[in-house]
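Quantities reported herein were computed from a predicted structural model and do not represent experimental measurements.
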Amino acid sequence: MRPATTVPRSPATDRVPVRDRGDLVVLGVEAALLAAAVAVGAVLNRRGVGLHADAAPVYATWRPHVGWGTPAALLVAVVVLGPGWRWARTARWGPLLAAGWLAAVAWTLALALVDGGSAGLTRRLTTQAEYLHEVPRVVDVRQMLAGFADRIIDFQPDSWSTHTAGHPPGALLVFVGLDRVGLGGGTAAALTCVLVGATVAVSVPVALRALGAPDAARAVLPFLVLLPGAVWVGASADGIFTGVVAAGLALLAVRGPGTALVGGLLLGFALYLSYGFVLVGPLALVVLALRRDRRATALLAGAAGVAAVAAVFTLAGFQWWEGYDRVVERYYQGWAADRPYGYWVWANLAALLLSAGPVLGPALRRTLVAARAGWRSTGPVALARATGPGALVQATLSGRAAGPDPAAAAGQAAALAGRVRGLGAVVLLPAAAALAVVAADLSGLSKAEVERIWLPFVVWLLVAAAHLPAPARRWWLGGQALTALAVNHLLFTVS
């Protein structure tokens, strides 16, 4: 039986018309921001300013091209926008998730193969700056971990390559592990990035459904399949990072302390994939706050998982804070010292638009409308009762005090609690992701290349697409697909 806690219609879709001038205004602002970032970037590059991005604001080079992945990408887009779109609204949950993952894999691979099998996949992760360059140098894993921080600073005989030095050792361990089980080389590494990165089409909907918003899960899934950021998922290590973070948050959302523990283990490992994943904290707190059961138990289980991973790395000899301090120093030994903060602090947002797609601005605007309308309709007292501990008890007590039909009143109160929880998921998750992006942007430690670096937050920003009116979503999804196709055919992206 379909639970009463779904949010079939959010206040955004109830009260804002399908054709809304506000969406067009936001879309115009996005276009202006992107045009300004491209124009200013071109001028700065001509003047010799050290942007170190030929196609600023994206780290790429201008190279219009087609490849044998072009027809495949067009075919995937047509299928998803046509029968896939209709099927997603009625399909059984398990088959829908499986199909979503397969479609996301097909989309990502097709985009990568626009550049060709070698340039798009096999050689993508084998350059000197990448992790695979260091894999043959790792003979003893424990010894590598113990001495990892000492090799972060540049201009030493044994300094790590750029990407290895810029991340904790967990990232390198992923590729060392693949090599140890016989999956070494660029092709296996690239396919792993694609296969793991595509799991966001499963993890994010699972999290939304577990948090009381199954209709939103179905609405968002096609946007995760035709993700413009798939251009960078295939193939960069950030695809793996994105998949790990999303899976950790999804498991944290699902009922039971066991799943929360596994979610904590994944999120703990994510901290050793990228230092920036401390910013996943607000997303994790939102998930825990919106869980249906045993929030305190889930919090303890999740924290235990994170602590266990941290303990293993620390006992093996790698100190996270020591690594972070040295990474900041290494960061300014390279291109970051040249890249002007005054340009990238706003041009980063233009790059984000290309990764998240043009739907981002209108969807976030609708989210704000939904949050305001939801607050007015429920009020702070109802919101606290619905999302705080003991919500069902409070709903039952209020029902008993309501008069002659306490059972009906309790049911209405529980339904309100579920509606607020579902609305909270599709409001607070994008808000937490936006907070993380803003913090990363203002820090100055994310100057350029954010189209791939911020992918773990992009997929949660796109939860806001659930607030778009149903009749308009397919048009927005088409715009998402066109954005990915345009970027991949006009630019040669590098990771």
Engineer: Between L354 and E451, is the side-chain contact (heavy atoms from CB on, under 4.5 Å) condition met? List the steps.
Structural biologist: CA-CA 7 Å; L354 293 177; E451 59 272 8; 5.8 Å; no
Engineer: Tell me if a side-chain donor or acceptor on H65 pairs with a main-chain N or O of R63 at a distance below 3.5 Å.
Structural biologist: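 Yes, the answer is positive, given that a donor and an acceptor are paired below the 3.5 Å cut-off.
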Engineer: Does S159 use its side chain to pair, donor to acceptor, with the backbone of Q156 at less than 3.5 Å?
Structural biologist: yes
Engineer: With respect to V327, which candidate in L445, I152, I153 satisfies the side-chain contact (heavy atoms from CB on, under 4.5 Å) definition?
Structural biologist: I152
Engineer: Evaluate D325 against W320 for side-chain contact (heavy atoms from CB on, under 4.5 Å), listing each step before the verdict.
Structural biologist: CA-CA 9 Å; D325 286 341; W320 193 94; over 6 Å; no
Engineer: Under a 4.0 Å threshold between the charged nitrogen and the carboxylate oxygen, would E449 count as salt-bridged to R339?
Structural biologist: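 Counted as a salt bridge, because a side-chain N and a carboxylate O are separated by less than 4.0 Å.
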Engineer: Answer yes or no: is there a side-chain heavy-atom contact under 4.5 Å between L271 and V306?
Structural biologist: yes
Engineer: Search all heavy atoms of V426 against all heavy atoms of A213 and return the closest pair with its distance.
Structural biologist: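 Smallest heavy-atom distance, with atoms named: CG1-CB, 4.3 Å.
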Engineer: Can you tell me how far the CD1 atom of I240 sits from the CG atom of L195, to the nearest 0.5 Å?
Structural biologist: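 I240 CD1 to L195 CG: 9.5 Å, rounded to 0.5 Å.
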Engineer: Considering only heavy atoms from C-beta outward, does the side chain of L227 approach that of L462 to under 4.5 Å?
Structural biologist: yes
Engineer: Would R124 and F492 count as a cation-pi pair here, with the cationic atom under 6.0 angstrom from the ring centre and within 45° of the axis?
Structural biologist: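 Yes, R124 sits over the ring of F492.
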Engineer: Give the intermediate values and the outcome of side-chain contact (heavy atoms from CB on, under 4.5 Å) for residues F313 and V309.
Structural biologist: CA-CA 6 Å; F313 275 94; V309 175; 3.9 Å; yes
Engineer: Do L224 and P205 touch side chain to side chain, with heavy atoms closer than 4.5 Å?
Structural biologist: yes
Engineer: Can V40 and L44 be said to form a side-chain contact (heavy atoms from CB on, under 4.5 Å), step by step?
Structural biologist: CA-CA 6 Å; V40 174; L44 293 177; 3.9 Å; yes
Engineer: Could you grab the distance from atom CH2 of W476 to atom CG of L226, nearest 0.5 Å is fine?
Structural biologist: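 The distance works out to 15.5 Å.
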Engineer: For the residue pair Y343 and W346, categorise the inter-ring angle as parallel (less than 30°), tilted (30 to 60°) or perpendicular (more than 60°).
Structural biologist: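 If you compare the ring of Y343 with that of W346, the planes turn out perpendicular.
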Engineer: Out of curiosity, L211 CG to L252 CG, how far, rounded to the nearest 0.5 Å?
Structural biologist: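 Answer rounded to 0.5 Å: 9.0 Å.
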Engineer: Within the distance-only criterion (no hydrogens, no angle test), does the side chain of T162 pair as donor or acceptor with the backbone N or O of A129 below 3.5 angstrom?
Structural biologist: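 Answer holds: no.
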Engineer: Please examine the side chains of R365 and V25, heavy atoms only from C-beta on, and report whether any two atoms are closer than 4.5 Å.
Structural biologist: no
Engineer: Do any N or O atoms from the side chain of D179 and from the backbone of F175 form a donor-acceptor pair under 3.5 angstrom?
Structural biologist: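 Here the side-chain-to-backbone pair does not exist.
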Engineer: Whether the H489 and T70 side chains hold a donor-acceptor pair (N or O, under 3.5 Å, no angle test) is what I'd like checked.
Structural biologist: yes
Engineer: Answer yes or no: does atom CD of Q333 have more than 12 heavy-atom neighbours from other residues, nucleotides or ligands under 6.0 Å?
Structural biologist: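 Enclosed.
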Engineer: What is the minimum heavy-atom distance between P430 and A425, and which atoms define it?
Structural biologist: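 Closest pair (atom of P430, atom of A425, distance): CD-O, 3.8 Å.
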Engineer: I'd like to know if the side chain of T367 reaches the main chain of V427, judged simply by a donor and an acceptor atom lying under 3.5 Å from each other, with no hydrogens or angles considered.
Structural biologist: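 Such a contact is absent between T367 side chain and V427 backbone.
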Engineer: Determine whether Y272 and F277 make a side-chain contact, defined as any pair of heavy atoms from C-beta on separated by less than 4.5 Å.
Structural biologist: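 Result no, sub-4.5 Å side-chain heavy-atom pair not found.
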Engineer: Kindly give the heavy-atom pair with the smallest separation between A55 and L491, and that separation in Å.
Structural biologist: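 Looking at all heavy atoms of both residues, the closest pair is CB-CD2, 3.7 Å.
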Engineer: Which pair of heavy atoms, one from R295 and one from A289, lies closest together, and at what distance?
Structural biologist: NE-O, 2.7 Å
Engineer: Mind checking whether F241 and H167 have ring centres under 6.0 Å apart?
Structural biologist: yes
Engineer: Is it true that a side-chain atom of N348 and a backbone atom of S446 form a donor plus acceptor pair closer than 3.5 Å?
Structural biologist: yes
Engineer: Testing the 3.5 Å rule here: is there a donor-acceptor pair between the side chains of E134 and T164?
Structural biologist: no
Engineer: Look up atom CG in L279 and atom OG in S443, then write down how far apart they are to the nearest 0.5 Å.
Structural biologist: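 Answer rounded to 0.5 Å: 7.5 Å.
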Engineer: Would you indicate whether the side-chain heavy atoms of P168 and L273 approach each other to under 4.5 Å?
Structural biologist: no
Engineer: Testing the basics here: between L121 and A190, what is the closest heavy-atom pair and its distance to 0.1 Å?
Structural biologist: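 Scanning both residues, the minimum pair turns out to be O-CB, 3.5 Å.
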Engineer: Atom OG1 of T108 and atom CH2 of W232: how far apart are they, to the nearest 0.5 Å?
Structural biologist: 12.0 Å
Engineer: Is there a donor-acceptor pair closer than 3.5 Å between any side-chain N or O of D154 and the backbone N or O of R330?
Structural biologist: no
Engineer: Give a yes-or-no answer on whether the side chains of S118 and R123 include a donor-acceptor pair shorter than 3.5 Å.
Structural biologist: yes
Engineer: Below 4.0 angstrom, N of the basic side chain to O of the carboxylate: do R137 and D158 qualify?
Structural biologist: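 No, this pair does not count.
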Engineer: What is the distance from atom OG of S203 to atom CG of L251, rounded to the nearest 0.5 Å?
Structural biologist: 7.5 Å
Engineer: With distance as the sole test, does N45 use its side chain to make a donor-acceptor pair with the main-chain N or O of A53 at under 3.5 Å?
Structural biologist: yes
Engineer: Could you tell me whether Y275 atom OH has more than 12 heavy atoms of other residues or ligands within 6.0 Å of it?
Structural biologist: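 Enclosed.
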Engineer: Do the non-hydrogen side-chain atoms of F457 and L283 ever get within less than 4.5 Å of each other?
Structural biologist: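 The answer is yes; the side chains approach within 4.5 Å.
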Engineer: Is the closest side-chain heavy-atom distance between P57 and W344 below 4.5 Å?
Structural biologist: yes
Engineer: Shortest non-hydrogen contact from V287 to L249?
Structural biologist: CG1-O, 3.8 Å
Engineer: Checking Y331 side chain against R326 main chain: does a donor-acceptor pair fall under 3.5 Å?
Structural biologist: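 No, Y331 side chain to R326 backbone: no donor-acceptor pair under 3.5 Å.
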Engineer: Say whether, by atom type as modelled, one donor and one acceptor occur between the side chain of H163 and the main chain of L172 under 3.5 angstrom.
Structural biologist: no
